[in-house]
Novice: 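One structure follows; several queries about it will come next.
We're numbering straight along the sequence, starting at 1.
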Amino acid sequence: MENLLTLIISFGILMAFVLVVFCVIKWWNMPVIGVTPVSLFTFIAILFTSGLDVGLIMFPLGEFPMYADTASAPEYGFTNPLAIEFGFWGFLIWAFYFLTSFYFCVIEPKVRFFEIPLVKILNNMVIIGTCAFTASLFLVYLPSYIPEIGDGESVVATFYVIVFCVILAAAYSSTDIRYVRILSVGSTVLFAALIILMWASGSIGPGELGANISLLSGYFTNLHKFIIPINAYHEFYLFWWFAWSIMIGQFTSRFVGGMRTQYLLLALLVIPSIPLGIWFSILYHFSANEIDTTGLLNAAMIIVGITFVINSLDSLIRLYSDNLSITTQRFGKLPYIAGNVVVLFGLTLLFQSQWLQIQWIGAVVVGIYLACVIFIVVTKRREVLSLTSSPPENTLDFTRIDTVH
(Lines give C-alpha, C1' and ligand atoms only; values in the text may rest on other atoms or scores of the structure.)
Protein backbone atom coordinates (compact mmCIF):
# COMPACT_ATOMS: atom_id res chain seq x y z
CA MET A 1 0.00 0.00 0.00
CA GLU A 2 2.81 2.43 0.88
CA ASN A 3 4.57 1.82 -2.44
CA LEU A 4 1.29 2.36 -4.29
CA LEU A 5 0.73 5.69 -2.54
CA THR A 6 4.26 6.79 -3.42
CA LEU A 7 3.65 5.96 -7.08
CA ILE A 8 0.33 7.82 -7.05
CA ILE A 9 1.71 11.02 -5.55
CA SER A 10 4.86 10.97 -7.71
CA PHE A 11 2.75 10.59 -10.84
CA GLY A 12 0.37 13.31 -9.67
CA ILE A 13 3.14 15.83 -9.02
CA LEU A 14 4.85 15.25 -12.35
CA MET A 15 1.50 15.49 -14.16
CA ALA A 16 0.67 18.75 -12.37
CA PHE A 17 4.00 20.38 -13.21
CA VAL A 18 3.71 19.36 -16.87
CA LEU A 19 0.26 20.96 -16.95
CA VAL A 20 1.61 24.14 -15.33
CA VAL A 21 4.28 24.44 -18.02
CA PHE A 22 1.72 23.80 -20.76
CA CYS A 23 -0.72 26.44 -19.46
CA VAL A 24 1.96 29.08 -19.07
CA ILE A 25 3.38 28.50 -22.56
CA LYS A 26 -0.03 28.19 -24.28
CA TRP A 27 -1.71 31.18 -22.60
CA TRP A 28 1.38 33.20 -21.65
CA ASN A 29 -0.05 36.71 -21.93
CA MET A 30 -3.77 36.11 -21.32
CA PRO A 31 -5.44 38.34 -18.67
CA VAL A 32 -7.08 36.08 -16.09
CA ILE A 33 -10.26 37.48 -14.53
CA GLY A 34 -12.49 35.81 -11.95
CA VAL A 35 -16.22 36.26 -11.42
CA THR A 36 -15.62 38.49 -8.37
CA PRO A 37 -12.22 40.14 -9.00
CA VAL A 38 -10.36 41.91 -6.22
CA SER A 39 -7.10 43.84 -5.96
CA LEU A 40 -3.79 41.95 -5.96
CA PHE A 41 -3.26 42.52 -2.22
CA THR A 42 -6.71 41.19 -1.33
CA PHE A 43 -6.32 38.25 -3.72
CA ILE A 44 -2.98 37.24 -2.23
CA ALA A 45 -4.39 37.67 1.29
CA ILE A 46 -7.34 35.41 0.41
CA LEU A 47 -5.07 32.84 -1.22
CA PHE A 48 -2.45 32.90 1.54
CA THR A 49 -4.85 32.56 4.43
CA SER A 50 -7.23 30.15 2.68
CA GLY A 51 -4.47 28.05 1.14
CA LEU A 52 -2.55 27.60 4.39
CA ASP A 53 -3.83 26.34 7.69
CA VAL A 54 -2.89 26.01 11.32
CA GLY A 55 0.00 23.66 10.51
CA LEU A 56 2.00 26.67 9.35
CA ILE A 57 1.87 28.04 12.89
CA MET A 58 2.05 24.84 14.93
CA PHE A 59 4.27 22.43 12.99
CA PRO A 60 7.71 24.06 12.49
CA LEU A 61 9.00 24.19 16.07
CA GLY A 62 8.39 20.45 16.37
CA GLU A 63 9.76 19.64 12.92
CA PHE A 64 13.13 21.43 12.98
CA PRO A 65 14.67 18.92 15.45
CA MET A 66 13.35 16.04 13.35
CA TYR A 67 14.95 17.41 10.18
CA ALA A 68 18.21 18.04 12.07
CA ASP A 69 18.41 14.44 13.31
CA THR A 70 20.16 13.01 10.26
CA ALA A 71 21.33 10.01 12.27
CA SER A 72 17.74 8.80 12.48
CA ALA A 73 16.67 10.26 9.12
CA PRO A 74 19.72 10.45 6.81
CA GLU A 75 17.50 11.42 3.87
CA TYR A 76 17.38 14.96 5.30
CA GLY A 77 21.16 15.30 5.23
CA PHE A 78 21.36 16.97 1.80
CA THR A 79 20.55 20.42 3.25
CA ASN A 80 19.69 22.27 6.47
CA PRO A 81 16.43 21.95 8.49
CA LEU A 82 15.26 25.47 7.63
CA ALA A 83 15.53 24.80 3.89
CA ILE A 84 13.61 21.54 4.30
CA GLU A 85 10.82 23.24 6.26
CA PHE A 86 10.54 25.93 3.61
CA GLY A 87 10.56 23.29 0.87
CA PHE A 88 7.60 21.54 2.44
CA TRP A 89 5.57 24.78 2.50
CA GLY A 90 6.90 27.31 0.00
CA PHE A 91 7.63 28.35 -3.55
CA LEU A 92 7.37 25.47 -6.06
CA ILE A 93 4.46 23.81 -4.27
CA TRP A 94 2.32 26.91 -4.87
CA ALA A 95 2.33 26.06 -8.58
CA PHE A 96 -0.50 23.65 -7.73
CA TYR A 97 -2.64 26.62 -6.74
CA PHE A 98 -1.72 28.47 -9.93
CA LEU A 99 -2.80 25.47 -12.01
CA THR A 100 -6.18 25.07 -10.35
CA SER A 101 -6.90 28.83 -10.12
CA PHE A 102 -6.13 29.21 -13.82
CA TYR A 103 -8.19 26.14 -14.70
CA PHE A 104 -11.31 27.30 -12.87
CA CYS A 105 -10.97 30.86 -14.19
CA VAL A 106 -10.39 30.03 -17.85
CA ILE A 107 -10.96 26.38 -18.73
CA GLU A 108 -13.71 24.97 -16.49
CA PRO A 109 -16.39 27.43 -17.74
CA LYS A 110 -15.88 25.94 -21.20
CA VAL A 111 -15.34 22.30 -20.14
CA ARG A 112 -17.75 21.96 -17.16
CA PHE A 113 -16.01 18.77 -16.03
CA PHE A 114 -16.79 19.48 -12.37
CA GLU A 115 -20.51 19.58 -13.16
CA ILE A 116 -20.50 15.87 -14.08
CA PRO A 117 -22.51 14.27 -11.24
CA LEU A 118 -19.90 11.70 -10.14
CA VAL A 119 -17.08 14.27 -10.27
CA LYS A 120 -19.22 16.75 -8.36
CA ILE A 121 -19.87 14.20 -5.61
CA LEU A 122 -16.19 13.19 -5.33
CA ASN A 123 -15.00 16.80 -5.34
CA ASN A 124 -17.34 17.81 -2.55
CA MET A 125 -16.44 14.73 -0.51
CA VAL A 126 -12.81 15.85 -0.83
CA ILE A 127 -13.67 19.38 0.30
CA ILE A 128 -15.70 18.24 3.30
CA GLY A 129 -13.05 15.69 4.32
CA THR A 130 -10.22 18.21 4.07
CA CYS A 131 -12.21 20.70 6.13
CA ALA A 132 -12.44 18.11 8.89
CA PHE A 133 -8.75 17.24 8.58
CA THR A 134 -7.82 20.90 9.11
CA ALA A 135 -9.90 21.02 12.28
CA SER A 136 -8.45 17.72 13.51
CA LEU A 137 -4.88 19.03 13.14
CA PHE A 138 -5.81 22.01 15.26
CA LEU A 139 -7.31 19.69 17.87
CA VAL A 140 -4.26 17.41 17.99
CA TYR A 141 -1.76 20.26 18.43
CA LEU A 142 -3.71 22.36 20.94
CA PRO A 143 -2.40 20.53 24.06
CA SER A 144 1.25 21.38 23.34
CA TYR A 145 0.43 25.06 22.85
CA ILE A 146 -1.83 25.40 25.89
CA PRO A 147 -0.03 23.21 28.45
CA GLU A 148 -1.88 25.07 31.21
CA ILE A 149 -4.93 22.98 30.28
CA GLY A 150 -4.59 19.26 30.97
CA ASP A 151 -1.21 17.51 30.98
CA GLY A 152 0.18 19.21 27.87
CA GLU A 153 -0.22 16.07 25.76
CA SER A 154 -3.75 14.65 26.02
CA VAL A 155 -6.77 16.10 24.24
CA VAL A 156 -9.17 16.97 27.06
CA ALA A 157 -12.79 18.14 26.91
CA THR A 158 -11.84 21.84 26.82
CA PHE A 159 -10.00 21.38 23.53
CA TYR A 160 -13.03 19.74 21.93
CA VAL A 161 -15.09 22.75 23.00
CA ILE A 162 -12.55 25.14 21.45
CA VAL A 163 -12.56 23.27 18.13
CA PHE A 164 -16.37 23.08 18.16
CA CYS A 165 -16.53 26.87 18.63
CA VAL A 166 -14.04 27.42 15.80
CA ILE A 167 -16.13 25.29 13.43
CA LEU A 168 -19.24 27.16 14.56
CA ALA A 169 -17.58 30.54 13.86
CA ALA A 170 -16.48 29.37 10.40
CA ALA A 171 -19.96 28.09 9.55
CA TYR A 172 -21.45 31.42 10.59
CA SER A 173 -18.92 33.51 8.63
CA SER A 174 -19.55 31.39 5.52
CA THR A 175 -23.12 32.70 5.36
CA ASP A 176 -21.95 35.91 3.63
CA ILE A 177 -19.08 36.20 1.14
CA ARG A 178 -18.26 39.71 2.37
CA TYR A 179 -16.67 38.12 5.43
CA VAL A 180 -13.99 36.63 3.14
CA ARG A 181 -12.18 39.92 2.70
CA ILE A 182 -12.44 40.77 6.40
CA LEU A 183 -11.13 37.36 7.48
CA SER A 184 -8.38 37.17 4.88
CA VAL A 185 -6.97 40.66 5.33
CA GLY A 186 -7.40 40.38 9.12
CA SER A 187 -5.57 37.05 9.20
CA THR A 188 -2.75 38.49 7.09
CA VAL A 189 -2.37 41.48 9.41
CA LEU A 190 -2.40 39.23 12.50
CA PHE A 191 0.20 36.95 10.95
CA ALA A 192 2.43 39.93 10.19
CA ALA A 193 1.98 41.12 13.80
CA LEU A 194 2.91 37.64 15.07
CA ILE A 195 6.10 37.69 12.98
CA ILE A 196 7.07 41.04 14.49
CA LEU A 197 6.25 39.84 18.03
CA MET A 198 8.33 36.67 17.64
CA TRP A 199 11.20 38.64 16.09
CA ALA A 200 11.23 41.10 18.99
CA SER A 201 10.79 38.42 21.67
CA GLY A 202 13.64 36.36 20.30
CA SER A 203 16.00 39.38 20.31
CA ILE A 204 16.98 38.52 16.75
CA GLY A 205 19.40 40.98 15.25
CA PRO A 206 19.43 41.83 11.53
CA GLY A 207 22.62 39.81 11.08
CA GLU A 208 21.16 36.71 12.72
CA LEU A 209 17.95 36.94 10.72
CA GLY A 210 19.94 37.49 7.53
CA ALA A 211 22.10 34.45 8.28
CA ASN A 212 19.01 32.31 8.76
CA ILE A 213 17.38 33.62 5.60
CA SER A 214 20.55 32.76 3.68
CA LEU A 215 20.04 29.14 4.72
CA LEU A 216 16.97 29.09 2.46
CA SER A 217 19.36 28.90 -0.49
CA GLY A 218 19.71 25.24 0.48
CA TYR A 219 16.18 24.78 -0.86
CA PHE A 220 16.76 26.46 -4.20
CA THR A 221 20.05 24.66 -4.87
CA ASN A 222 18.30 21.36 -4.17
CA LEU A 223 14.97 22.21 -5.76
CA HIS A 224 14.82 19.00 -7.77
CA LYS A 225 14.94 16.89 -4.61
CA PHE A 226 11.63 18.32 -3.38
CA ILE A 227 9.62 17.36 -6.47
CA ILE A 228 8.97 13.73 -5.57
CA PRO A 229 8.74 12.38 -1.99
CA ILE A 230 11.91 12.44 0.10
CA ASN A 231 10.32 10.00 2.55
CA ALA A 232 6.92 9.07 3.99
CA TYR A 233 6.60 12.34 5.92
CA HIS A 234 7.26 14.44 2.83
CA GLU A 235 4.78 12.22 1.01
CA PHE A 236 2.18 13.09 3.65
CA TYR A 237 2.79 16.79 2.96
CA LEU A 238 2.47 16.34 -0.80
CA PHE A 239 -0.81 14.45 -0.47
CA TRP A 240 -1.97 17.24 1.84
CA TRP A 241 -1.16 19.88 -0.79
CA PHE A 242 -2.93 17.85 -3.46
CA ALA A 243 -6.00 17.47 -1.25
CA TRP A 244 -6.14 21.27 -0.94
CA SER A 245 -5.28 22.16 -4.52
CA ILE A 246 -8.55 21.70 -6.41
CA MET A 247 -10.79 23.28 -3.81
CA ILE A 248 -8.48 26.24 -3.13
CA GLY A 249 -8.18 26.87 -6.85
CA GLN A 250 -11.94 26.59 -7.23
CA PHE A 251 -12.49 29.08 -4.42
CA THR A 252 -9.73 31.63 -5.13
CA SER A 253 -10.24 31.63 -8.91
CA ARG A 254 -13.31 33.80 -8.47
CA PHE A 255 -11.13 36.58 -7.00
CA VAL A 256 -8.37 36.78 -9.65
CA GLY A 257 -8.12 40.41 -10.70
CA GLY A 258 -6.87 40.54 -14.29
CA MET A 259 -3.26 39.42 -13.95
CA ARG A 260 -1.72 37.92 -17.06
CA THR A 261 -0.94 34.22 -16.88
CA GLN A 262 2.81 34.49 -16.37
CA TYR A 263 2.41 37.15 -13.68
CA LEU A 264 -0.24 35.08 -11.91
CA LEU A 265 2.21 32.19 -11.70
CA LEU A 266 5.05 34.46 -10.58
CA ALA A 267 2.85 36.12 -7.95
CA LEU A 268 1.75 32.78 -6.49
CA LEU A 269 5.29 31.39 -6.36
CA VAL A 270 7.04 34.46 -4.95
CA ILE A 271 4.69 36.64 -2.89
CA PRO A 272 3.52 33.99 -0.37
CA SER A 273 7.06 32.61 -0.12
CA ILE A 274 8.45 35.86 1.27
CA PRO A 275 6.49 35.90 4.56
CA LEU A 276 6.90 32.11 4.80
CA GLY A 277 10.69 32.42 4.52
CA ILE A 278 10.81 35.16 7.16
CA TRP A 279 8.47 33.26 9.49
CA PHE A 280 10.43 30.03 9.29
CA SER A 281 13.74 31.89 9.70
CA ILE A 282 12.49 33.46 12.95
CA LEU A 283 11.13 30.15 14.26
CA TYR A 284 14.42 28.46 13.37
CA HIS A 285 16.19 30.91 15.68
CA PHE A 286 13.88 29.85 18.52
CA SER A 287 14.50 26.17 17.78
CA ALA A 288 18.27 26.40 17.35
CA ASN A 289 18.66 28.41 20.56
CA GLU A 290 16.05 26.42 22.52
CA ILE A 291 14.08 29.56 23.39
CA ASP A 292 10.90 28.81 25.34
CA THR A 293 7.63 30.07 23.81
CA THR A 294 5.36 29.18 26.75
CA GLY A 295 2.99 31.94 27.76
CA LEU A 296 2.44 35.04 25.62
CA LEU A 297 4.04 33.66 22.46
CA ASN A 298 2.10 30.42 22.56
CA ALA A 299 -1.10 32.38 23.18
CA ALA A 300 -0.35 34.65 20.22
CA MET A 301 0.30 31.64 17.98
CA ILE A 302 -2.96 30.06 19.11
CA ILE A 303 -4.89 33.26 18.29
CA VAL A 304 -3.39 33.48 14.81
CA GLY A 305 -3.87 29.73 14.36
CA ILE A 306 -7.56 30.08 15.22
CA THR A 307 -8.02 32.87 12.65
CA PHE A 308 -6.28 30.71 10.02
CA VAL A 309 -8.53 27.75 10.80
CA ILE A 310 -11.70 29.87 10.70
CA ASN A 311 -10.56 31.44 7.44
CA SER A 312 -9.77 28.11 5.79
CA LEU A 313 -12.95 26.43 6.98
CA ASP A 314 -15.02 29.44 5.95
CA SER A 315 -13.67 29.21 2.41
CA LEU A 316 -14.22 25.48 2.11
CA ILE A 317 -17.66 25.43 3.75
CA ARG A 318 -18.77 28.17 1.36
CA LEU A 319 -17.39 26.22 -1.58
CA TYR A 320 -19.04 22.86 -0.97
CA SER A 321 -22.25 24.54 0.20
CA ASP A 322 -22.48 26.45 -3.10
CA ASN A 323 -21.59 23.34 -5.10
CA LEU A 324 -24.29 21.27 -3.40
CA SER A 325 -26.86 24.11 -3.24
CA ILE A 326 -26.82 23.97 0.56
CA THR A 327 -27.47 27.66 1.00
CA THR A 328 -28.99 29.89 3.64
CA GLN A 329 -31.58 31.02 1.09
CA ARG A 330 -32.71 27.44 0.63
CA PHE A 331 -32.59 26.12 4.19
CA GLY A 332 -32.37 29.17 6.42
CA LYS A 333 -29.38 30.42 8.39
CA LEU A 334 -29.78 28.31 11.55
CA PRO A 335 -30.28 24.93 9.80
CA TYR A 336 -27.38 25.78 7.45
CA ILE A 337 -25.02 26.53 10.33
CA ALA A 338 -26.17 23.58 12.46
CA GLY A 339 -25.87 21.08 9.60
CA ASN A 340 -22.35 22.16 8.69
CA VAL A 341 -21.21 22.10 12.30
CA VAL A 342 -22.57 18.61 12.95
CA VAL A 343 -21.00 17.12 9.80
CA LEU A 344 -17.60 18.76 10.21
CA PHE A 345 -17.26 18.14 13.93
CA GLY A 346 -18.18 14.47 13.44
CA LEU A 347 -15.60 14.04 10.67
CA THR A 348 -13.02 15.89 12.77
CA LEU A 349 -13.39 13.21 15.43
CA LEU A 350 -12.90 10.48 12.79
CA PHE A 351 -9.64 12.09 11.59
CA GLN A 352 -8.46 12.62 15.15
CA SER A 353 -8.99 8.90 15.84
CA GLN A 354 -7.08 7.98 12.62
CA TRP A 355 -10.13 6.39 10.99
CA LEU A 356 -9.57 8.71 8.03
CA GLN A 357 -6.27 9.80 6.49
CA ILE A 358 -5.42 12.76 4.28
CA GLN A 359 -3.37 10.50 1.99
CA TRP A 360 -6.57 8.79 0.83
CA ILE A 361 -8.14 12.14 0.00
CA GLY A 362 -5.01 13.28 -1.84
CA ALA A 363 -5.04 10.07 -3.89
CA VAL A 364 -8.64 10.76 -4.93
CA VAL A 365 -7.59 14.25 -6.06
CA VAL A 366 -4.79 12.81 -8.21
CA GLY A 367 -7.44 10.62 -9.83
CA ILE A 368 -9.65 13.66 -10.46
CA TYR A 369 -6.71 15.49 -12.10
CA LEU A 370 -6.08 12.54 -14.42
CA ALA A 371 -9.76 12.07 -15.26
CA CYS A 372 -10.08 15.79 -16.09
CA VAL A 373 -7.10 15.68 -18.47
CA ILE A 374 -8.48 12.58 -20.22
CA PHE A 375 -11.94 14.14 -20.48
CA ILE A 376 -10.54 17.29 -22.08
CA VAL A 377 -8.28 15.41 -24.50
CA VAL A 378 -11.09 13.08 -25.62
CA THR A 379 -14.09 15.44 -25.72
CA LYS A 380 -13.06 19.11 -25.39
CA ARG A 381 -9.58 19.38 -26.86
CA ARG A 382 -10.50 21.74 -29.70
CA GLU A 383 -12.56 24.08 -27.49
CA VAL A 384 -9.81 24.35 -24.89
CA LEU A 385 -7.00 24.92 -27.38
CA SER A 386 -9.01 27.73 -28.99
CA LEU A 387 -9.47 29.67 -25.75
CA THR A 388 -8.10 33.22 -25.89
CA SER A 389 -9.59 34.84 -22.77
CA SER A 390 -11.46 34.38 -19.52
CA PRO A 391 -15.25 34.10 -19.93
CA PRO A 392 -16.54 37.40 -21.39
CA GLU A 393 -18.99 37.88 -18.51
CA ASN A 394 -16.02 38.14 -16.09
CA THR A 395 -15.26 41.87 -16.11
CA LEU A 396 -12.66 43.72 -14.11
CA ASP A 397 -15.07 45.24 -11.60
CA PHE A 398 -13.47 45.39 -8.13
CA THR A 399 -16.73 46.61 -6.56
CA ARG A 400 -18.64 43.43 -7.41
CA ILE A 401 -17.61 41.70 -4.19
CA ASP A 402 -19.49 44.37 -2.22
CA THR A 403 -22.78 43.43 -3.88
CA VAL A 404 -22.47 39.61 -3.76
CA HIS A 405 -23.88 37.69 -0.77
Side-chain angles (χ1 to χ4, degrees), residues 1-17 51-97 126 129-141 143-144 153 155 216 218-219 221-246 248 276 280 283-284 287 347-348 350-370:
M1 184 64 176
E2 291 181 2
N3 290 336
L4 177 60
L5 287 174
T6 302
L7 287 173
I8 289 172
I9 193 61
S10 299
F11 170 78
I13 291 166
L14 294 174
M15 174 177 59
F17 285 141
L52 293 169
D53 62 20
V54 70
L56 173 68
I57 307 297
M58 294 183 164
F59 277 20
L61 287 176
E63 289 177 335
F64 286 133
M66 180 174 66
Y67 301 149
D69 186 9
T70 55
S72 300
E75 61 270 26
Y76 294 132
F78 66 91
T79 189
N80 62 81
L82 177 56
I84 292 172
E85 188 71 50
F86 180 79
F88 282 18
W89 287 92
F91 195 70
L92 192 61
I93 211 76
W94 286 74
F96 292 169
Y97 289 167
V126 165
T130 309
C131 268
F133 176 72
T134 297
S136 73
L137 280 181
F138 183 54
L139 178 61
V140 168
Y141 275 79
S144 60
E153 296 181 2
V155 178
L216 297 174
Y219 165 72
T221 56
N222 293 282
L223 193 61
H224 59 287
K225 294 185 178 180
F226 290 90
I227 294 176
I228 59 175
I230 296 169
N231 56 15
Y233 192 63
H234 187 209
E235 185 176 293
F236 155 78
Y237 259 102
L238 293 172
F239 272 120
W240 189 5
W241 279 96
F242 251 92
W244 277 90
S245 62
I246 289 180
I248 293 300
L276 285 176
F280 291 144
L283 289 185
Y284 189 59
S287 177
L347 288 173
T348 296
L350 290 180
F351 270 110
Q352 194 263 341
S353 63
Q354 298 295 306
W355 281 28
L356 291 173
Q357 294 186 27
I358 196 65
Q359 290 91 328
W360 304 345
I361 294 177
V364 171
V365 172
V366 173
I368 294 174
Y369 269 65
L370 180 59

Novice: Rounded to the nearest 0.5 Å, what separates atom CD1 in I228 from atom CG in L238?
Specialist: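 One gets 10.0 Å once the value is rounded to the nearest 0.5 Å.
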Novice: Can you name the closest pair of heavy atoms from G218 and A83 and give their distance?
Specialist: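 Minimum heavy-atom contact is C-CB, 3.7 Å.
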Novice: L82 and L216: side-chain contact (heavy atoms from CB on, under 4.5 Å), yes or no, with the steps?
Specialist: CA-CA 7 Å; L82 177 56; L216 297 174; 3.7 Å; yes
Novice: Please work out whether the ring planes of F280 and W89 are parallel, tilted or perpendicular, with thresholds of 30° and 60°.
Specialist: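 It falls in the tilted class, 30° to 60°.
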Novice: In chain order, what residues pass the side chain to side chain contact (heavy atoms under 4.5 Å, CB included) check against T221, with sequence neighbours excluded?
Specialist: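 Partners of T221 under the side chain to side chain contact (heavy atoms under 4.5 Å, CB included) test: none.
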Novice: Return the CH2 to OH distance between W244 and Y97, rounded to the nearest 0.5 Å.
Specialist: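 If I round to the nearest 0.5 Å, the distance is 6.5 Å.
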Novice: Which residues pass the side chain to side chain contact (heavy atoms under 4.5 Å, CB included) test with A73, not counting sequence neighbours?
Specialist: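 Partners of A73 by the side chain to side chain contact (heavy atoms under 4.5 Å, CB included) criterion, ordered by chain and then number, come out as E75, Y76.
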Novice: Taking all atoms of both residues into account, what is the closest heavy-atom pair of L276 and G90, and its distance?
Specialist: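 It is CD1-CA, 4.0 Å.
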Novice: Checking L92 now: which residues fulfil side chain to side chain contact (heavy atoms under 4.5 Å, CB included) with it, not counting sequence neighbours?
Specialist: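 Expected list: F17, Y219, L223, I227.
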Novice: Of all heavy-atom pairs between A243 and V126, which one has the smallest distance, and what is that distance?
Specialist: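 For A243 versus V126, the nearest heavy atoms are O-CG1, 3.8 Å.
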Novice: Checking Y233 now: which residues fulfil ring-ring contact (aromatic ring centres under 6.0 Å, His included) with it, not counting sequence neighbours?
Specialist: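 Y233 satisfies ring-ring contact (aromatic ring centres under 6.0 Å, His included) with F236, Y237 only.
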Novice: Rounded to the nearest 0.5 Å, how far apart are OG1 of T79 and CD1 of I84?
Specialist: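 Separation between the atoms: 6.0 Å.
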Novice: Where the side chain of S10 meets the backbone of T6, is there a donor-acceptor pair that is under 3.5 Å apart?
Specialist: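 Side chain of S10 to backbone of T6: a pair is present.
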Novice: First locate atom CH2 of W241, then atom CD1 of I13, and finally report the distance between them rounded to the nearest 0.5 Å.
Specialist: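 Reported value, rounded in 0.5 Å steps: 12.0 Å.
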Novice: Quick one: closest heavy-atom pair of I361 and T130, and the distance?
Specialist: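 Reported closest heavy-atom pair: CG2-OG1, 3.7 Å.
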Novice: Between Y141 and I57, does the side-chain contact (heavy atoms from CB on, under 4.5 Å) criterion hold? Intermediate values first, please.
Specialist: CA-CA 10 Å; Y141 275 79; I57 307 297; over 6 Å; no
Novice: Kindly give the heavy-atom pair with the smallest separation between P229 and E235, and that separation in Å.
Specialist: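 Result for this residue pair: CB-CB, 3.9 Å.
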Novice: Centres of the F226 and F86 rings: under 6.0 Å?
Specialist: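 Centroid separation for F226 and F86: 6.0 Å or greater.
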Novice: Is it true that F96 and F242 have ring centroids separated by less than 6.0 Å?
Specialist: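 Judged by ring-centre distance (under 6.0 Å), F96 and F242 do meet the cut-off.
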Novice: Name all residues meeting the side chain to side chain donor-acceptor pair (under 3.5 Å) criterion together with S245; count only those two or more places apart in sequence or in a different chain, and write none if there are none.
Specialist: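 Counting only residues at least two positions away or on another chain, S245 forms a side chain to side chain donor-acceptor pair (under 3.5 Å) with Y369.
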Novice: Working to the nearest 0.5 Å, report the span between CG of L137 and OG1 of T348.
Specialist: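 Answer for the CG-OG1 pair, L137 versus T348, is 10.0 Å.
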Novice: Once the angle between the rings of F88 and Y67 is folded into 0 to 90°, is it parallel (under 30°), tilted (30 to 60°) or perpendicular (over 60°)?
Specialist: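 F88 and Y67: perpendicular rings.
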Novice: Considering residues at least two apart in sequence or located in another chain, which fulfil the ring-ring contact (aromatic ring centres under 6.0 Å, His included) criterion with F64?
Specialist: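 For F64 the ring-ring contact (aromatic ring centres under 6.0 Å, His included) partners, ignoring immediate neighbours, are Y284.
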Novice: Between atom OG1 of T134 and atom CH2 of W240, what is the distance when rounded to the nearest 0.5 Å?
Specialist: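 Here the interatomic distance stands at 7.5 Å.
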